Amino acid sequence: MTCEDFKNAIIDRFDTGQDGRLSPECTEHMEHCPECTRYADEMYATAARLQYHLPTRKNTPRSRFIRRLMSAAAALLIFLSGVLTGLSNLFSTSVNAETSRKEFLSNAARHLSNVGNYFVEFETRSTPYETFSHLDATLPFIRMSLRVMHQNDSLFWRMEKENGRTITFDGNQQILWNTNSVVVGNKDVGFLDQWLHPDNLLRRQTMFTDHSDNRKTDMRETDSTIVVTSEGTLNNLEGKDVRYRIENVFTKTTNLLQGVRIWKEHKGDMVLVLRSTECRYNVALTKEDILQPPCRFFTFRQEAEIPSVTATKKQARQLRKETAVQAAERILNALISRHPEQATEALYYYQSELPQLMDGLQGCTVSTFSKPETRKDYSGIIVFFHLTRPDGQTQKRHIALRRDNKYQFWIVDGGL
Amino acid sequence: MTIFPLLRRKADEIKIPDLAAQERSRLLRYACSLLGNRDDAEDAVQDLYIRLCDRPADEKPRNIQSYLYRSLHNLCTDRLRQRPLRTQPAELWTNICDEPPTNNEQELRYVQQLLSTLPPEQAEVIRLRFYGEKSFLEISTLLNTPLSTVKSRFRYGMEKLKNGLFHQSRT
Ligand SMILES: [Zn+2]
């Protein structure tokens, strides 16, 4: 056995399934070769040095979970806040030239801080409780909305999925609302807001324009709009290259984006995965609009089956004739006077909560009912009113009613 | 209703996450040796699971073990790249022999630094052997590299470490 054979034999001993014994040839070689003996000893000692004990964890799994959740949630906003605020400068410069593209991006980032509040409604192919990063060409569309508000130097936002996940940010805390639970993260968890930050936006957009292979940008003009279409590949969160096409439609007079659509490649086809249904800028938003917990009223329309109602023909006729404001007044007064039987049909969905509702309204008066208001995504109507508490304090409240049931009665749908 | 297609898809794929779960302690030790820090390693393994669950249904890796370790390796190196500062190997050799690690954190950090002084392909074989608990033959399949190359990478890597540890003055 040569020294080289011996060394190879030692290496083989490090393989799995070895019983640790050296062959007789090796033992014999070691007896007359101190070099190899030392080689073997030192190799074992080196292997021993490479063993380690697992340290205990420092962070709790919960905080790590939140961090993970937060980073995964961002990808959709990359597109959204990017295309909504940044690309509106796109058509003012030549996108083909490298320098002007950079310049446009810097402008875009600056532009973002001037946009003020905005409200966007859109539909994406995704699931209600996925993080916002996932666009899946095989899924049906789900309605989503994004509200962003700047106040002083703070940013507030709310991202909401129809009948699903909602995330709010109040400048300090990020809260993820699920059906029965909330996850609260501090400012540093870096959830969605980092993507709304100009620097990050600029970085992501530079990536899209610079590092997207086979990127194509095309501009078309109509009488009132400019349509900019960009196409290229982007790394998704799984690190895979996926081909995207983004179409932005700008209003010529205002230079503001009026619509966006995103296609994603799926099995060779470009499938529409995101389409905006409404973009509004400089809208009046309040902190309350942004931060309130999701409830039925604000999680858009719910399909609810109306229960069978027992009412005499005369009662039914009266109920059908009632206006929404009359119904609102009747229902609220029934609760205040602790006679819910005067609004049994209307309070159907609140049966289990009646005692708490009545306690909460005890001694209150209602007044100043507004005209019924409608909302685009809500099939009922909303009536605002003033609620005066026993201590004289007055609040503006609302009640949501709908009558799309076979009886055509007003039923309380939210707000209470 | 919309959630059903997704659930069905995940059920079909349950095998890979299952395998990853069996492999978890080895994947964790492997990630630890790359990152030198348990929390980061746990995060990287967690990312790996999320990646597995988010994978498109039509993507079926040919070698699942290889897929797991390749993905985890990439996740770990991404994390390393994001770190602002790393200890230089030069410091390492001067500190190593005098002050053996006294707690588990130091021990792990020490192992990570030792391995970071090696050419990546040699360190990788050593990691897969010791922390992934793979045989040389398995490593050869996993890395799609001839068995003889795997063994020689292991040998040269170990010899370099050995010389650094025991023959510092000579090298
Ligand atoms: Zn010898």
Side-chain angles (χ1 to χ4, degrees), chain A residues 7-8 10-12 14-18 38-61 63-65 67-69 71-72 125-131 133-134 136-142 161-164 236-240 242 266-267, chain B residues 1-3 5-6 9 25 28-29 32-33 37-39 41-43 46-47 50-51 54-59 71 74-75 78 96 100-101 103-112 114-115 126-127 129-131 133-138 151-152 154-155 158-159 161-167:
Chain A
K7 287 175 179 174
N8 283 329
I10 294 296
I11 295 304
D12 283 336
F14 283 109
D15 207 350
T16 53
Q18 301 298 306
R38 198 172 69 175
Y39 178 89
D41 288 346
E42 288 176 356
M43 286 294 263
Y44 298 145
T46 303
R49 289 275 182 112
L50 287 172
Q51 301 307 313
Y52 67 89
H53 297 91
L54 265 185
T56 49
R57 295 178 188 183
K58 288 208 183 77
N59 282 328
T60 62
S63 72
R64 287 188 299 106
F65 165 72
R67 251 194 296 150
R68 168 62 239 182
L69 195 67
S71 66
R125 293 190 188 274
S126 57
T127 56
Y129 284 95
E130 279 263 308
T131 49
S133 59
H134 198 73
D136 187 332
T138 62
L139 294 173
F141 278 105
I142 279 194
K161 274 195 161 182
E162 183 173 24
N163 295 325
N236 65 4
L237 286 169
E238 293 88 50
K240 275 186 68 183
V242 179
H266 176 68
K267 294 185 174 173
Chain B
M1 285 300 122
T2 54
I3 201 130
L6 199 73
R9 203 190 80 191
S25 70
L28 180 65
R29 293 188 77 86
C32 278
S33 73
N37 166 327
R38 172 146 183 195
D39 282 345
E42 294 266 3
D43 280 353
Q46 182 69 25
D47 285 350
I50 289 168
R51 182 179 283 194
D54 286 353
R55 245 162 15 95
D58 43 14
E59 187 193 299
S71 306
N74 293 339
L75 287 165
D78 285 350
I96 261 177
N103 61 37
N104 290 356
E105 273 104 41
Q106 284 178 13
E107 196 177 67
L108 172 56
R109 185 104 188 95
Y110 169 90
V111 164
Q112 183 235 351
L114 271 183
L115 289 169
I126 294 174
R127 282 193 196 98
R129 175 60 206 87
F130 287 145
Y131 313 123
E133 295 173 24
K134 302 285 168 277
S135 69
F136 290 137
L137 191 63
E138 284 169 322
K151 281 191 193 178
S152 57
F154 180 85
R155 175 174 164 181
M158 288 293 285
E159 285 178 355
L161 292 177
K162 172 178 82 72
N163 293 337
L165 287 168
F166 302 103
H167 305 272

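Predicted model only: the values in this text are computed from it and were never measured. The chains referred to below are lettered A, B, ... by the order of the sequence lines, with proteins before strands, and numbering in each begins at 1.
Rounding to the nearest 0.5 angstrom, the gap separating the CG atom in B:Leu161 from the CD atom in A:Glu42 is 12.5 Å. Taking NZ from B:Lys134 and CG from A:Asp15, the interatomic distance works out to 12.5 Å, rounded to the nearest 0.5 Å.
The aromatic rings of B:Phe154 and A:Phe14 sit tilted, their planes meeting at an angle between 30° and 60°.
Looking at B:Arg155, the atoms closer than 4.5 Å to chain A (heavy atoms on both sides) sit in the backbone and in the side chain alike. When heavy atoms are compared at a cutoff of 4.5 Å, B:Glu133 approaches chain A solely by way of its backbone atoms N, CA, C and O.
A 4.5 Å side-chain heavy-atom check between A:Leu54 and B:Arg29 finds at least one atom pair inside the cut-off. Side-chain contact between B:Leu108 and A:His53 is absent, with no heavy-atom pair separated by less than 4.5 Å. The side-chain heavy atoms of B:Met158 and A:Leu50, taken from C-beta on, include a pair separated by under 4.5 Å.
A:Ile11 approaches B:Phe136 most closely through the heavy-atom pair O-CE1, 3.5 Å. For the pair A:Gln51 and B:Val111, the tightest heavy-atom approach, listed with the atom from each and the gap, is O-CG2, 4.1 Å.
You'll find the ring centres of A:Tyr52 and B:Tyr131 inside the 6.0 Å limit.
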